[in-house]
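As the structure is a computational prediction, the values presented were derived from the model and not from experiment. In what follows, residues are counted from 1 in the order of the sequence shown.
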Amino acid sequence: MKRYWLLRLVIAFGFAQAAVSMARPAVSYRALSLGADERAIGVIAGVYALLPLFAAVPLGRRTDRGRCAPLLFAGVVLIAGGCALSGTAGSPAGMAAWSGVMGLGHLCFVIGAQSLVARRSAPDEQDRDFGHFTIGASLGQLVGPVAAGLLIGGDTGRSSALALVVSAAVAAAALTALWRVEVRDTRTRHAPAERDRVPVHRILRTRGVPAGILISLAVLSATDILTAYLPVVGEHRSIPPATIGLLLGLRAAATIACRLVMTPMIRLLGRTALLTVTCLLAGLLCAGIALPVPVWALAVMLAALGFCLGAGQPLSMTTVVRAAPDGARSTALALRLTGNRLGQVAAPASAGLVAGLAGTAAPFVMLGALLVAAATLGVRVGRGPAGGPGRTGAAGTGGRAGADEAGARAVAAEAGAPSGAREEREAGEAGEAQGAEEAEEAGKAWDACGGARQRA
């Protein structure tokens with residue numbers, strides 16, 4: 001029963017991601033019908049990725065101090081509004097503006113959803129829950145482009161506008177799964193004061209956070225460039241577009257399969273080894289796409305590549321959440337999304353430059369090198385302090401402190417208040433410096449928390 005919140009969140013994410021994946025190609029077709037050229041299409045796509053960069057950290061700060069659900073609802077409304085209004089826009093400039101609104105809505109939803117998973121999941125369940133959560137994105141990325149292709153026909157102006165209106169309705173359907181997805185006990189009960197918030201530079205200097213951001217950037221860049229450049233490779237190798245579509249669908253299906261079996265793989269290999277091995281194999285497979293192999297071999301490589309890429313995103317989320325300073329986890333997740341957006345802008349530009357200089361297969365070699373570099377970062381993440389696997393203290397917190405915090409969070413999660421136990425202990429420790437009476441109360445709270453850990 002208590003797991004239904006995650007299922008409903010996955011369903012909502014599937015609808016929201018399907019709407020965005022359906023709308024983005026429709027936006028390009030609609031803009032072309034309005035007279036936009038290739039450069040204008042690039043600007044419209046860039047606005048989708050760049051505009052949310054300025055809002056990511058403030059939204060993360062807001063979520064650290066409050067609830068996650070408002071961002072989920074705001075994100076769905078902005079996605080639906082951006083899709084619908086893009087369908088009625090009469091100029092490429094209007095398309096760019098509403099595309100930015102759509103991108104901002106997607107950012108709001110993802111920050112709220114990832115923060116909710118981080119709060120409601122016990123530490124030993126985060127890898128599994130983030131893996132299940134990202135299945136919604138994979139399903140949306142699989143269904144959205146197919147639906148857009150079915151709707152957009154000969155008259156691209158009218159049919160793309162219809163696709164955008166339909167995508168707005170798909171986004172609105174996400175609201176049906178968000179009712180009471182967050183209970184009020186999951187919000188931060190002792191929200192940090194404005195003066196006590198963790199600076200961004202301290203978050204970025206925390207061991208594990210930069211690695212998680214860069215791993216996520218590498219995996220997402222590989223997915224985006226694979227989607228953009230595999231049709232170009234197919235054109236040069238005389239592979240029909242329908243076959244290329246099936247190959248991309250096979251890649252997406254393999255990614256979903258990976259996330260369904262992530263928990264047993266972590267138990268078998270460990271999260272550090274799984275992250276390192278999948279990034280390394282993905283790098284080698286990406287480079288292998290540059291080879292002139294037959295279609296059946298390309299299908300095998302893409303299926304294996306999709307499976308390997310499926311582990312990177314959820315494990316990078318867990319890496320960032322565990323490494324981030326207390327009271328700044330939503331901000332750290334927002335910084336991770338900022339890195340993703342920068343990758344979505346920089347990676348295609350770099351790939352285009354490399355392809356122009358060395359041929360259409362060269363971007364896949366570049367991606368291979370990027371993923372191998374991500375694999376080395378995965379090894380470094382595993383060599384953290386003695387505070388326990390994967391959890392690196394933000395202020396040099398050592399082994400027992402990390403273990404105590406993890407135990408308190410696990411007991412609190414079972415009681416229905418994932419973050420309350422830790423915050424009560426922190427409040428008690430602060431009171432110890434203010435007077436003897438508060439120090440005695442803090443000691444009682446500590447003893448009660450320790451007894452609960454022993455019983456657990």
Side-chain angles (χ1 to χ4, degrees), residues 6-7 9-11 13-22 24 106 110 113-114 117 126-147 212 215-231 243-266 268-269 271 274-289 298-319 336-337 340 343-344 347 364 367-368 370-371 374-375 378:
L6 182 58
L7 176 61
L9 187 63
V10 170
I11 293 172
F13 193 21
F15 278 118
Q17 185 64 55
V20 171
S21 299
M22 185 178 177
R24 294 198 69 187
H106 187 262
V110 174
Q114 291 182 5
V117 174
Q126 285 176 345
D127 287 320
R128 180 197 65 193
D129 289 354
F130 274 121
H132 290 170
F133 165 71
T134 52
I135 290 174
S138 299
L139 289 172
Q141 291 167 356
L142 180 62
V143 173
V146 174
I215 290 170
S216 177
L217 185 153
V219 173
L220 184 65
S221 297
T223 304
D224 280 1
I225 293 179
L226 183 66
T227 303
Y229 275 86
L230 193 62
T243 304
I244 292 295
L246 290 175
L247 291 174
L248 289 174
L250 179 63
R251 195 280 310 164
T255 297
I256 296 173
C258 172
R259 290 166 180 174
L260 287 172
V261 298
M262 184 168 294
T263 300
M265 288 195 300
I266 291 174
L268 179 65
L269 300 175
R271 64 188 314 276
L274 180 61
L275 183 60
T276 303
V277 169
T278 53
C279 285
L280 180 60
L281 289 177
L284 297 176
L285 289 165
C286 257
I289 294 176
L298 187 61
V300 172
M301 292 169 64
L302 285 171
L305 177 59
F307 191 89
C308 291
L309 291 176
Q313 290 287 9
L315 289 180
S316 70
M317 293 178 197
T318 311
T319 298
R336 175 186 166 277
L337 291 171
N340 287 352
Q344 286 180 307
F364 296 102
L367 284 178
L370 184 62
L371 287 166

Looking at every heavy atom in both [X] and [Y], which two are closest together, and how far apart are they?
| X | Y | result |
| --- | --- | --- |
| Cys286 | Leu367 | SG-CB, 4.1 Å |
| Ala299 | Leu250 | O-CD2, 3.4 Å |
| Gly310 | Thr255 | CA-CG2, 3.6 Å |
| Ala303 | Ala254 | O-CB, 3.1 Å |
| His132 | Leu6 | CB-CD2, 4.2 Å |
| Cys279 | Ile215 | SG-CG2, 4.3 Å |

Between [X] and [Y], is any pair of side-chain heavy atoms under 4.5 Å apart?
| X | Y | answer |
| --- | --- | --- |
| Phe130 | Thr319 | no |
| Met262 | Arg271 | no |
| Ser221 | Leu370 | yes |
| Leu226 | Phe364 | yes |
| Leu302 | Leu248 | no |
| Arg251 | Thr223 | yes |

| request: For the pair Phe133 and Phe13, name the ring-plane relationship: parallel under 30°, tilted 30 to 60°, perpendicular over 60°. | output: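 If you compare the ring of Phe133 with that of Phe13, the planes turn out parallel.
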Point-to-point distance, once rounded to the nearest 0.5 Å, from [atom1] of [X] to [atom2] of [Y]:
| X | Y | atom1 | atom2 | value |
| --- | --- | --- | --- | --- |
| Leu285 | Thr278 | CG | OG1 | 11.0 Å |
| Ser216 | Leu337 | OG | CG | 7.5 Å |
| Leu139 | Ile11 | CG | CD1 | 10.0 Å |
| Leu260 | Ile256 | CG | CD1 | 7.5 Å |
| Thr276 | Leu281 | OG1 | CG | 10.5 Å |
| Ser138 | Leu309 | OG | CG | 10.5 Å |

| Whether Ser316 side chain and Gln313 backbone form a donor-acceptor pair below 3.5 Å |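 Side chain of Ser316 to backbone of Gln313: a pair is present.
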| Pick from Val10, Thr134, Leu9: which one makes a side-chain contact (heavy atoms from CB on, under 4.5 Å) with Val117? |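 Only one of Val10, Thr134, Leu9 forms a side-chain contact (heavy atoms from CB on, under 4.5 Å) with Val117, namely Leu9.
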